[in-house]
Participant: 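Here it is, the structure, as structure tokens.
By convention in this document, chain letters (A, B, ...) are assigned in the order of the sequence lines, proteins followed by strands, and residues within each chain are numbered from 1.
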There are 2 protein chains.
Amino acid sequence: MSTHAPPPKKLRKPRSSGAITLQEVAKLAGVSPITVSRALNRPEMVKPQKLEAIQAAIRRTGYVPNLLAGGLASKKSRLVAAMVPIISNSMFAEVIEKFTDRLDTAGYKVMLGLSGFRAENEDGLIAAVLSRQPDAIFLTGVNHSRTTRSRLLAARIPVVETWDYTPTPIDMLVGFSHEKVGRTVAEYLHDKGYRRFGMISTEDERANIRKSAFLATLAERDITDVRIATITSPGNFKKGRAGIIEILDAGELPEVVFCSSDVLAHSVLTEAQTRGMSVPADLAVIGFGDLEFAPYTFPALSTVHIDRSAIGLRAAEMVLARIEEREIEKIVDIGFSVIGRGST
Amino acid sequence: MSTHAPPPKKLRKPRSSGAITLQEVAKLAGVSPITVSRALNRPEMVKPQKLEAIQAAIRRTGYVPNLLAGGLASKKSRLVAAMVPIISNSMFAEVIEKFTDRLDTAGYKVMLGLSGFRAENEDGLIAAVLSRQPDAIFLTGVNHSRTTRSRLLAARIPVVETWDYTPTPIDMLVGFSHEKVGRTVAEYLHDKGYRRFGMISTEDERANIRKSAFLATLAERDITDVRIATITSPGNFKKGRAGIIEILDAGELPEVVFCSSDVLAHSVLTEAQTRGMSVPADLAVIGFGDLEFAPYTFPALSTVHIDRSAIGLRAAEMVLARIEEREIEKIVDIGFSVIGRGST
DNA sequence: TATATTCCTGATACCGCTATCATTCTTGGT
DNA sequence: ACCAAGAATGATAGCGGTATCAGGAATATA
């Protein structure tokens with residue numbers, strides 16, 4: 001360092017971050033920037049020899065591409081948004097997990113939007129999410145506000161609605177009919193000979209559909225006095241215990257209780273055990289979801305099996321197919337099945 | 001339309017997407033683009049009157065800002081990456097949920113990285129994630145490869161490690177000591193008079209630390225023949241049943257079993273019930289995590305309480321503080337507490 | 001009323017990468 | 001050996017915002 005440094009020339013504007021850029025890699029490899037870009041995105045277009053030089057330069061510099069810049073230029077963010085009510089609940093968590101896993105292998109990252117169980121939250125979230133220019137979006141449920149729908153349409157990206165069914169999705173759908181679930185469970189239990197019913201039901205949209213269908217089906221068979229404990233979403237063990245206690249303490253015990261989720265059903269099992277009631281003799285229970293633990297409770301829990309992994313995986317495949325412009329089935333009813341185990 | 005349209009002039013390159021841009025909003029509002037930008041990001045800098053005109057233009061057009069472009073220019077992606085092993089498990093899901101919630105209110109979106117329980121996966125994931133230029137990153141655990149650490153350092157962004165403890169985090173940390181947990185549980189049980197111990201332990205890094213500390217502490221008190229059932233991560237109800245069955249069927253029953261998680265402990269409760277064993281008289285159990293259901297099992301589950309919400313929230317606060325360049329505590333030991341309920 | 005300050009607004013030039021089109025090499029056919 | 005066609009590479013000009021600096025309007029100070 002010389003003692004008399006020249007007065008610092010007040011230069012205009014250096015705005016760059018310190019990070020290595022594709023330009024620098026290009027210079028180092030002795031090619032043009034665009035060739036480096038191609039080496040990264042479509043290596044088959046670049047001669048093996050140059051490719052190698054480029055890769056060496058990348059290794060030497062530890063270059064990490066800037067996908068914000070790339071995304072801006074190419075209009076592909078390689079981000080996919082997923083909107084779910086909550087994830088602290090195996091139901092949705094497993095779906096998202098599979099969805100994320102699959103997209104990861106294709107180079108996409110998932111951006112999480114948690115909307116809670118209140119529809120009002122969705123609009124704002126959607127806007128926030130769309131501003132990140134996702135390449136596709138995953139939604140839970142099929143009821144969305146007019147604003148949400150129009151924003152989604154305007155974004156012109158693949159949209160998968162899940163976890164419910166409608167013949168007229170915004171774009172694509174993979175789910176099942178909650179109405180059919182309610183009906184099928186009612187039929188299953190009635191056919192087994194049960195006549196006095198109880199329900200522990202959360203009050204979110206889809207649980208309500210199951211409940212209505214369940215009640216309607218029973219009503220068709222002349223059963224109208226179902227004991228219902230309604231709890232707030234999300235359901236949990238504590239609320240389940242409270243719900244079954246409410247029902248049992250009201251007198252006139254039901255023979256069987258249909259719960260909005262396996263967690264609630266599990267809590268019924270526990271309450272029965274606490275009271276020394278035998279399941280299913282004194283009180284039968286059926287859940288919904290077929291969570292991992294269902295086959296291993298005592299007695300094993302009867303429930304409605306939903307293939308959550310399949311929903312996540314299928315949704316990811318649909319999204320990828322659309323991004324890659326392959327033809328696909330746009331509406332997939334993944335179905336469900338009633339699994340009778342020891343608790344009924 | 002005239003019948004003889006002029007032959008379409010083959011113009012150079014229109015590359016824009018159809019979307020409304022800030023430019024158009026500016027024109028409509030009769031201001032310059034930069035003023036619109038300010039109206040969105042620092043509205044207090046813009047005169048109320050212009051602000052209103054701009055907001056009206058935004059409403060009229062349904063303009064949605066492009067955060068890829070904004071992020072590129074400002075070097076702020078408003079994305080935060082969160083790396084967790086899995087989310088189909090309340091332990092991590094609740095942390096992420098709180099983390100996401102808090103960041104959401106500050107305008108940040110969370111990008112999810114699922115690494116599974118194998119450390120090898122992390123490196124690639126980190127690179128993929130960093131290429132999206134996150135403004136901060138959330139990590140689970142404190143053991144990271146040299147590559148990961150150096151990439152993280154090079155990215156010069158806030159990093160919060162969580163769910164474990166070290167005096168020398170990469171940057172910031174909010175967690176607790178698994179070693180202390182193992183020790184404390186051993187002391188708690190031994191002090192209660194238990195002398196014959198069993199363990200059902202998953203084999204991930206942190207569970208192993210708890211296990212070692214648990215065994216070491218017992219060894220100090222001359223107890224060395226602990227029956228251990230080891231299961232793969234993630235633990236679940238099924239594996240828990242298998243684990244306790246393995247222990248019980250091996251003869252020489254332990255008086256108490258320490259499980260890697262509440263789910264495993266819950267499954268022990270169920271197996272005991274199946275066998276007509278009374279808890280805690282015939283077999284005591286203690287879990288880890290204090291999941292939502294723990295107080296409501298039969299008997300209520302003794303466990304180690306971890307304030308998962310606090311970890312998520314605190315991590316978010318730390319990240320925000322750093323982004324906003326506020327001073328903060330960089331290392332937070334959130335602690336834990338042993339909760340004795342009916343099962344011990 | 002003249003001048004200093006602060007507040008607002010705008011012009012300009014990028015951020016780092018890629019679409020597009022032009023150019024230069026290759027390769028093959030005759 | 002010569003030309004056409006295709007393959008590989010490069011030059012150029014954005015993508016849609018915002019940092020930076022400059023200038024004009026509004027307000028305060030003398």
Participant: Donor-acceptor check, side chain of B:T162 to backbone of B:L139, threshold 3.5 angstrom: yes or no?
Facilitator: yes
Participant: Starting at CZ of B:R15 and ending at P of C:dT18, how long is that distance when rounded to a whole Å?
Facilitator: 10 Å
Participant: Atom CD of B:Q23 to atom P of D:dT18: distance rounded to whole Å?
Facilitator: 11 Å
Participant: Looking at B:V95, B:V160, B:I331, which hits side-chain contact (heavy atoms from CB on, under 4.5 Å) with B:V174?
Facilitator: B:V160
Participant: May I ask you to evaluate whether B:S32 reaches the phosphate of C:dA11, defined as a side-chain N or O under 4.0 Å from OP1 or OP2?
Facilitator: no
Participant: Tell me whether A:E97 contacts the main-chain N or O of B:S88 through its side chain, where contact means a donor paired with an acceptor under 3.5 Å.
Facilitator: yes
Participant: Within the structure, does a side-chain N or O atom of B:K50 lie under 4.0 Å from either OP1 or OP2 of C:dC8?
Facilitator: no
Participant: For C:dG16, does OP1 or OP2 lie under 4.0 Å from any side-chain N or O of A:S17?
Facilitator: yes
Participant: Would you say the side-chain atoms of B:E52 pair up with the backbone N or O of B:Q49, donor to acceptor, closer than 3.5 Å?
Facilitator: no
Participant: Report yes if a side-chain nitrogen or oxygen of A:Y63 is closer than 4.0 Å to either non-bridging phosphate oxygen (OP1 or OP2) of C:dG16; otherwise report no.
Facilitator: no
Participant: Phosphate oxygens OP1/OP2 of C:dT18: is one of them under 4.0 Å from a side-chain N or O of A:N41?
Facilitator: yes
Participant: Does B:T35 have a side-chain nitrogen or oxygen under 4.0 Å from the phosphate oxygens OP1 or OP2 of C:dG10?
Facilitator: yes
